[in-house]
Amino acid sequence: MDFNVKKLAADAGTFLSRAVQFTEEKFGQAEKTELDAHLENLLAKAECTKVWTEKIMKQTEVLLQPNPNARIEEFVYEKLERKAPSRINTEEQLAQYMNDAGNEFGPGTAYGNALIKCGETQKRIGVAHRELVQTAAINFLTPLRNFIEGDYKTMAKEKKLLQNKRLDLDAAKTRLKKARVTEARAAQLNATQPEGDNNFMMWTEEVIKAEQELRITQSEFDRQAEITRLLLEGISSTHAHHLRCLNDFVEAQMTYFAQSYQYMLDLQKQLGSFPSTFVSNNNQSTLAPMQSVAVPSVSASAQAPSAKSSLVTSGFTELKASNGSRKARVLYDYDAANSSELSLLADEVITVYSMPGMDSDWLMGERGHQKGKVPITYLELLN
């Protein structure tokens, strides 16, 4: 118990000495030992790395999971060392809504069929995004978090020890300086008053003790400065490691966006000339807001120009001139705009023929007892 009390008293004395030294430095009443420029640069580099790593890490988490509530939930489960419950992402949620809507409207309708196709594509994009999140978490976020919670904490601890050793060193310098000033005054007093010899000897001993304490604190400070320097020089290796992690993150993003692009390209091919289903015979859109969207031309005659060109060369001109009939395969779904038109389903075969006075972009189509006008850009003549 006696040892513990002494140690507690010594620790309290050290803490008080550091506090006094720190306060006097702040008020400019005490000198401060400056670190060498190389060590100062390393400390600044480490702090800069910590600050920007935290910012990049947090913003990456926002990018991968925009929902703040979901991020908080994941953080809590991580701290509890439990696996967070699986939740669907925004793309998968949209896919579910599109599929439900498509089934509600009817898979046989153009709009319902298109919604289902879009839903399937959104689901595939959602799976790709989930893979991006997992890859980024393992190869990018985890190494950054390990640095903040591991390496940097060690650096901060050693930096704090260095700060304490520096305060001890400067406090020892201050005590030695004061002891020498007092010794000099005692020497002058002893020269004029021989009875003051005891005070002079006492302050001489204080000077000797202060010099010894200074040597010890200087040695401890130099040792801690070297330890801190060696540790901080590892920041360059940390940057190299983070660079590799960044390359992995970029590669994961590149894979995700490439997959998403390919999925959307496939979807676009499946939808074909989908916007033309919203067009009436006089080429005026029945959905005015669609005019502001950057989609292909809204004119039925302008849809799929390359397809139209090939169809014309395949016999549409001859068919109109001969007034005969031909079998034609439907290329895309088409919803009739009014009772004079015939709705079409992709891949069905109908009979088509021309009538006098018809627009050059339209033919008459027959399917059983049903007949009506059909756009030629949706047809492929059969031999």
Side-chain angles (χ1 to χ4, degrees), residues 1-55 143-186 202-242:
M1 174 62 89
D2 188 36
F3 172 78
N4 291 336
V5 171
K6 289 182 178 180
K7 185 176 184 301
L8 181 62
D11 291 342
T14 301
F15 176 79
L16 180 61
S17 175
R18 292 170 180 171
V20 171
Q21 178 65 29
F22 181 81
T23 303
E24 290 181 348
E25 289 176 359
K26 288 297 181 180
F27 286 100
Q29 299 173 355
E31 295 181 359
K32 176 182 176 181
T33 299
E34 299 294 338
L35 303 176
D36 65 83
H38 178 59
L39 185 55
E40 288 283 7
N41 289 335
L42 289 176
L43 288 169
K45 189 176 182 181
E47 182 64 22
C48 181
T49 302
K50 178 253 187 183
V51 170
W52 285 111
T53 299
E54 285 182 332
K55 290 183 178 180
L144 265 58
R145 188 175 292 107
N146 289 341
F147 166 74
I148 295 297
E149 298 178 355
D151 294 347
Y152 183 77
K153 280 190 175 181
T154 303
M155 294 177 185
K157 178 182 177 181
E158 297 301 327
K159 177 184 175 182
K160 181 64 177 178
L161 287 174
L162 179 62
Q163 172 72 357
N164 290 338
K165 296 300 181 183
R166 201 269 308 161
L167 289 172
D168 292 342
L169 173 61
D170 288 338
K173 289 180 178 179
T174 300
R175 282 193 293 270
L176 177 59
K177 183 178 180 181
K178 291 179 179 179
R180 285 176 173 170
V181 170
T182 306
E183 181 191 31
R185 291 176 180 175
M202 180 183 68
W203 285 109
T204 300
E205 292 177 0
E206 286 296 324
V207 169
I208 295 174
K209 288 171 59 178
E211 290 176 343
Q212 182 180 5
E213 182 183 4
L214 177 60
R215 286 192 296 270
I216 294 174
T217 55
Q218 182 70 61
S219 176
E220 292 178 349
F221 171 78
D222 292 341
R223 178 176 176 275
Q224 184 59 39
E226 182 65 15
I227 293 174
T228 305
R229 182 186 64 80
L230 292 174
L231 187 62
L232 291 174
E233 285 178 346
I235 282 291
S236 297
S237 299
T238 298
H239 285 190
H241 179 51
H242 287 184

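One is the number of the first residue; the rest follow in order along the sequence. When reading the values below, keep in mind they use all heavy atoms of this one structure, side chains included, and skip hydrogens, waters and symmetry mates.
- When all heavy atoms of Leu231 and Met155 are compared, the closest pair comes out as CD2-CA, 3.7 Å.
- At a threshold of 4.5 Å between non-hydrogen side-chain atoms, the residues Thr49 and Phe147 count as touching.
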- Item | side-chain contact (heavy atoms from CB on, under 4.5 Å) between Ile235 and Leu42, worked out | CA-CA 8 Å; Ile235 282 291; Leu42 289 176; 5.8 Å; no
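- You'll find the side chain of Ile208 stays beyond 4.5 Å of the side chain of Gln212, heavy atoms only.
- Atom CD of Gln224 and atom CG of Leu162 lie 6.0 Å apart (nearest 0.5 Å).
- No side-chain heavy atom of Lys178 sits less than 4.5 Å from a side-chain heavy atom of Val181.
- Glu158 approaches Thr228 most closely through the heavy-atom pair O-OG1, 3.5 Å.
- A heavy-atom distance below 4.5 Å is not found between the side chains of Lys157 and Lys160.
- Considering CZ of Phe221 and CD of Gln163, their distance stands at 9.5 Å, rounded to 0.5 Å.
- Remark: Glu213 pairs with Ala172, Arg175, Thr217 by the side chain to side chain contact (heavy atoms under 4.5 Å, CB included) rule, at least two apart or across chains.
- The NE2 atom of His241 sits 14.5 Å away from atom OG of Ser236, with the distance rounded to the nearest 0.5 Å.
- Looking at residues two or more places apart in sequence or on another chain, you find a side chain to side chain contact (heavy atoms under 4.5 Å, CB included) between Arg223 and Ile227.
- The CD atom of Glu211 sits 5.5 Å away from the CG atom of Leu176 when rounded to the nearest 0.5 Å.
- Rounded to the nearest 0.5 angstrom, Leu43 CG and Cys48 SG are separated by 13.0 Å.
- Atoms CG and CG, from Leu214 and Asp168 in turn, are 11.5 Å apart once rounded to the nearest 0.5 Å.
- Between Thr33 and the options Gln218, Lys173, Lys165, Arg166, a side chain to side chain donor-acceptor pair (under 3.5 Å) holds for only Lys173.
- Taking every heavy atom of both residues into account, Arg180 and Val207 meet most closely at N-CG2, 3.8 Å.
- Salt bridge annotation for Lys50-Glu54: present, with a cationic side-chain nitrogen under 4.0 angstrom from a carboxylate oxygen.
- Residues Lys45 and Glu233 are not paired through a salt bridge, judged by the lack of any N-O separation under 4.0 Å between the basic side chain and the carboxylate.
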